[in-house]
Amino acid sequence: MSLSLSLSWTPLLTQAVSGLLNGISYATTLFLMAAGLTLIFGVTRIVNFAHGSFFMLGALFTAHWVTNWFPAWGESAVLYAFAMLMGAICAALAGALAEFFLLRRMYGVPELYQLVATFGLSLALHDAMRWGFGPDEVFAPRFPGLKGSVDLAGEYFPQYQLLLIVLGPLVWLGLHGLLNKTLFGQRLRAATQDRAMLDALGVNPKPLMLGAVVLGCALAGLGGALQLPREPATLQMDTNVLVETFVVVVTGGLGSITGAFIAAVVIGLVHAFGTTLFPQSTLVLVFLTMALVLAVRPLGLLGKPHDAPPREVAQKFMLVPVNRAYAAMVYVAFATTCGIAWWAGDYWRSLAADALILLIFGISLQAVMALGGLVSFGHAAFFALGAYGTALANTLWTASLPLALATGCAAALTVAAVFGAVVVRSAGVYLAMLSLALAQVVWAGASQWVGLTGGDNGVIGLNLVTPDTFGLFYVVLAALALLAVAVMARLARSPFGAALQAVRDAPTRAAASGLGVGWVKYRMFVESAVLAGLAGGLFAAHKGAVFPSVASVSTSVDALLVVLLGGVHQLWGVAAGSAVLVWAGAELGRHFEYWRGALGLFVMAIMVMSPSGLLGLLQNKKQMEWPWR
């Protein structure tokens with residue numbers, strides 16, 4: 001009896017051991033990325049959205065070196081390892097250039113501007129690598145001497161992954177020794193804890209910041225190089241690894257190397273066992289793990305409060321026209337522009353419709369950012385819920401456009417009402433990552449719930465807007481965009497808007513004054529989610545189809561771009577930002593192959609020269625004043 005039980009349990013135990021080893025080996029890659037990101041944030045206070053690009057650079061450089069340029073290196077373990085080291089060095093040099101030309105100009109500005117600036121850097125680096133290495137994926141050879149497998153009671157585990165299991169703790173020990181046993185490391189730790197005091201003691205912080213960025217990018221490049229024997233090098237590697245890296249960093253606690261190591265192991269194990277047990281829900285499990293940790297420990301496993309956040313570069317309050325004649329002229333000019341786009345032909349009509357939808361989506365994000373101080377990095381979740389709710393209402397119930405839009409808004413409202421209760425307990429990067437987690441869960445559900453959403457095939461064949469009714473739809477769209485701007489102006493001047501700004505700037509004092517801090521933030525979050533759902537529903541009606549990409553990171557970034565390009569505290573900033581982004585995507589994409597890189601350079605330039613946005617450069621101060629005067 002005992003023998004049969006032991007034999008029956010042997011395969012299960014073997015699979016468990018194999019899953020454990022797979023999880024720990026994957027954790028090494030996550031830790032290398034997370035450690036680099038943690039170092040950069042700890043010293044510079046910059047959340048580097050381009051960190052995945054340095055991972056990809058290390059992988060592509062090494063892959064081309066051992067495959068195309070010097071294939072003989074792929075046959076020697078020593079030379080292959082040296083090529084991996086060169087990939088890390090290449091990433092480190094690119095990081096040094098990025099620090100000198102961009103990052104040091106972003107020190108001391110709010111985290112959101114840094115995120116967008118580094119997103120622009122990721123676009124520029126992506127197209128630069130596409131130009132330098134080509135668009136094709138590269139299959140590097142397996143690591144010499146470690147091409148075989150180890151037999152684990154019938155389960156074969158690759159020898160190379162055993163090397164990664166050993167390498168992870170060694171890197172952690174090396175970083176621990178560097179930070180605790182060397183003068184450079186001690187100064188890095190001091191800069192992490194109190195950079196202003198270190199500067200007051202006469203220590204120049206610039207070399208420390210440069211060193212932290214170089215070391216962090218080298219770790220990312222090394223992580224990418226180490227992935228080569230396991231997977232090919234592609235131009236999609238950056239996005240694929242970046243999201244889970246953010247999960248690890250936030251779960252472990254911003255600024256904590258040990259926390260990043262523990263979180264990397266936890267997320268690696270969740271990823272490994274989730275792939276085996278729940279293959280269609282792996283991504284959901286990863287983000288649920290982060291959400292559970294943050295629900296119990298809002299600063300992560302080992303996170304500690306860092307220095308007070310930098311003061312806003314842009315004005316704190318929404319800048320709106322107070323001269324009624326001037327305000328009316330702006331509204332008339334906007335309506336006239338929409339009319340000109342209509343009469344210009346089908347192409348410009350379609351672009352104008354896209355810009356109007358993006359404007360409404362951007363207003364929903366601007367409201368929570370500018371007034372509530374809530375940074376949502378996953379507002380695409382509510383955009384997608386509105387889009388799918390509208391699409392499914394039409395395909396399943398043959399609902400008309402008003403009823404379908406109401407269904408989409410109701411879907412966004414339902415999820416926001418539940419999720420908002422968790423979100424309002426967090427702030428800053430933690431809140432941004434929680435919202436990103438929701439968006440990724442929605443994306444995973446849309447991709448994998450094939451029976452309802454069609455998966456990657458999407459929901460197509462919507463019959464909400466026909467050629468005969470497009471004119472009316474366009475007028476309604478322009479009217480809704482104008483209404484959204486008008487409501488935003490009204491909200492900025494209202495008592496509720498004043499309460500939002502009080503909660504944003506001085507939550508403790510606001511609570512002592514009797515304001516319901518949590519309720520004010522919750523209400524604003526839910527209302528903005530409904531508006532984002534309306535924008536998603538309008539998008540579905542306009543395009544006639546919905547795909548999982550509406551919940552992707554790029555959709556959330558589009559909303560951030562239109563808000564920050566135009567000016568987060570400029571009433572008409574979202575209109576300017578949406579017009580520029582839609583035009584750049586359409587026109588540059590038609591005539592210039594590397595338009596994303598050009599857009600990235602433009603985004604970086606705006607964030608460096610004018611964090612208050614395009615309208616901040618053109619603002620007429622005689623016709624603008626604070627809303628409370």
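Values reported hereafter were calculated over all heavy atoms of this structure, with side chains retained and with hydrogens, waters and symmetry mates removed.
The shortest heavy-atom contact between Glu137 and Pro232 is OE1-CG, 4.1 Å. In terms of heavy atoms, Leu477 sits closest to Ala353 at CD2-O, 3.6 Å. Minimum heavy-atom separation, Ser53 to Met129: O-CE, 3.4 Å. Listed here is the closest heavy atom pair of Ala63 and Leu228: N-CD1, 3.4 Å. When all heavy atoms of Leu403 and Ala399 are compared, the closest pair comes out as CD2-CB, 3.8 Å. The minimum heavy-atom distance linking Thr118 with Ala50 is given by the pair O-CB, 3.3 Å.
For Gln161, the side-chain hydrogen bond (donor to acceptor under 3.5 Å, both in side chains) partners are Asn22, Ser25, not counting sequence neighbours. The side-chain hydrogen bond (donor to acceptor under 3.5 Å, both in side chains) test applied to His379 returns Ser376, not counting sequence neighbours. Partners of Arg130 under the salt bridge (charged side-chain N to carboxylate O under 4.0 Å, His left out) rule, at least two apart in sequence or in another chain, are Glu593. Under the salt bridge (charged side-chain N to carboxylate O under 4.0 Å, His left out) criterion, Asp136 pairs with no residue at all, not counting sequence neighbours.
Contact check for Arg230 versus Gln227: side-chain heavy atoms found under the 4.5 Å cut-off. In this structure the side chain of Val603 never reaches within 4.5 angstrom of the side chain of Leu123, judged on heavy atoms. Side-chain contact between Glu231 and Met237: present, with at least one pair of heavy atoms (C-beta onward) separated by less than 4.5 Å. Looking at Leu359 and Phe334, their side chains come closer than 4.5 Å, going by heavy atoms from C-beta outward. Between Phe377 and Phe246 the shortest side-chain heavy-atom distance does not fall below 4.5 Å. Contact annotation: the side chain of Leu464 never approaches that of Phe473 to less than 4.5 Å [non-hydrogen atoms, C-beta and beyond]. Leu581 places a side-chain heavy atom less than 4.5 Å from the side chain of Leu599. Put simply, the side chain of Phe361 does not reach to within 4.5 Å of the side chain of Val563, judged on heavy atoms.
A donor-acceptor pair under 3.5 Å links the side-chain atoms of Arg349 to the main chain of Trp342, judged by distance alone. Listed for the Thr469 side chain is a donor-acceptor partner under 3.5 Å among the backbone atoms of Thr466. A donor-acceptor distance shorter than 3.5 angstrom exists from the side chain of Thr453 to the backbone of Ala446, with no hydrogens or angles considered. Put simply, the side chain of Thr407 never gets that close to the backbone of Gly389: no donor and acceptor are under 3.5 Å apart. Put simply, the side chain of Arg142 never gets that close to the backbone of Pro229: no donor and acceptor are under 3.5 Å apart. The main-chain N or O of Tyr347 is never found under 3.5 Å from a side-chain atom of Ser350 such that the two would form a donor-acceptor pair. With Asp127 contributing its side chain and Gly597 its backbone, the two residues share a donor-acceptor pair below 3.5 Å.
No option in Leu601, Leu565, Leu564 other than Leu565 meets the side chain to side chain contact (heavy atoms under 4.5 Å, CB included) test with Ile606.
Each side chain to side chain donor-acceptor pair (under 3.5 Å) pair with one or both residues in residues 385-401, not counting sequence neighbours, would appear here, but there are none.
Between the CG atom in Leu285 and the CG atom in Leu269 there is a gap of 13.0 Å [rounded to 0.5 Å]. Atom CG of residue Asp558 and atom OG of residue Ser554 lie 6.0 Å apart, to the nearest 0.5 angstrom. Note that the CZ atom of Phe31 and the OG1 atom of Thr245 stand 12.0 Å from one another [nearest 0.5 Å]. Rounding to the nearest 0.5 Å places CZ of Arg596 at 11.5 Å from OG of Ser122. The structure places CG of Leu164 at 11.5 Å from CG of Leu21, a figure rounded to the nearest 0.5 Å. For the atom pair CG (Leu32) and CZ (Phe55), the distance works out to 9.0 Å, reported to the nearest 0.5 Å.
Counting non-hydrogen atoms of neighbouring residues, nucleotides and ligands closer than 6.0 angstrom, the CD1 atom of Ile460 reaches no more than 12 such neighbours.
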| said: Does Leu365 form a side-chain contact (heavy atoms from CB on, under 4.5 Å) with Ser528? I'd like the steps, not just the answer. | reply: CA-CA 7 Å; Leu365 182 59; Ser528 74; over 6 Å; no
| field | CA sep, side-chain torsions, deciding dist, call: Leu235, Leu60, side-chain contact (heavy atoms from CB on, under 4.5 Å) | value | CA-CA 8 Å; Leu235 288 172; Leu60 285 170; 3.9 Å; yes
| said: With side-chain contact (heavy atoms from CB on, under 4.5 Å) as the criterion, how do Ile340 and Trp348 come out once you've worked through the C-alpha distance, each side chain's angles and the decisive distance to 0.1 Å? | reply: CA-CA 9 Å; Ile340 292 173; Trp348 289 102; over 6 Å; no
| request: Please report the C-alpha distance between Leu57 and Phe133 in whole Å, then the side-chain angles of each, then the deciding distance to 0.1 Å, and finally whether the side-chain contact (heavy atoms from CB on, under 4.5 Å) criterion is met. | output: CA-CA 10 Å; Leu57 177 58; Phe133 297 115; 3.9 Å; yes
Donor-acceptor pairs under 3.5 Å, side chain of residues 533-549 to any protein atom, not counting sequence neighbours: which ones?
| from | atom 1 | to | atom 2 | distance (Å) |
| --- | --- | --- | --- | --- |
| His542 | NE2 | Asp354 | OD1 | 3.3 |
| Lys543 | NZ | Asp354 | OD1 | 3.0 |
| Lys543 | NZ | Asp354 | OD2 | 3.3 |

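Using modelled atom types and a 3.5 Å distance limit, the side chains of Glu244 and Tyr26 yield a donor-acceptor pair.
By the 30° and 60° cut-offs, the orientation of the rings of Phe119 relative to Phe49 is perpendicular. Using bins of under 30°, 30° to 60° and over 60° for the plane-to-plane angle, the ring pair Phe525/Phe419 lands in the tilted bin.
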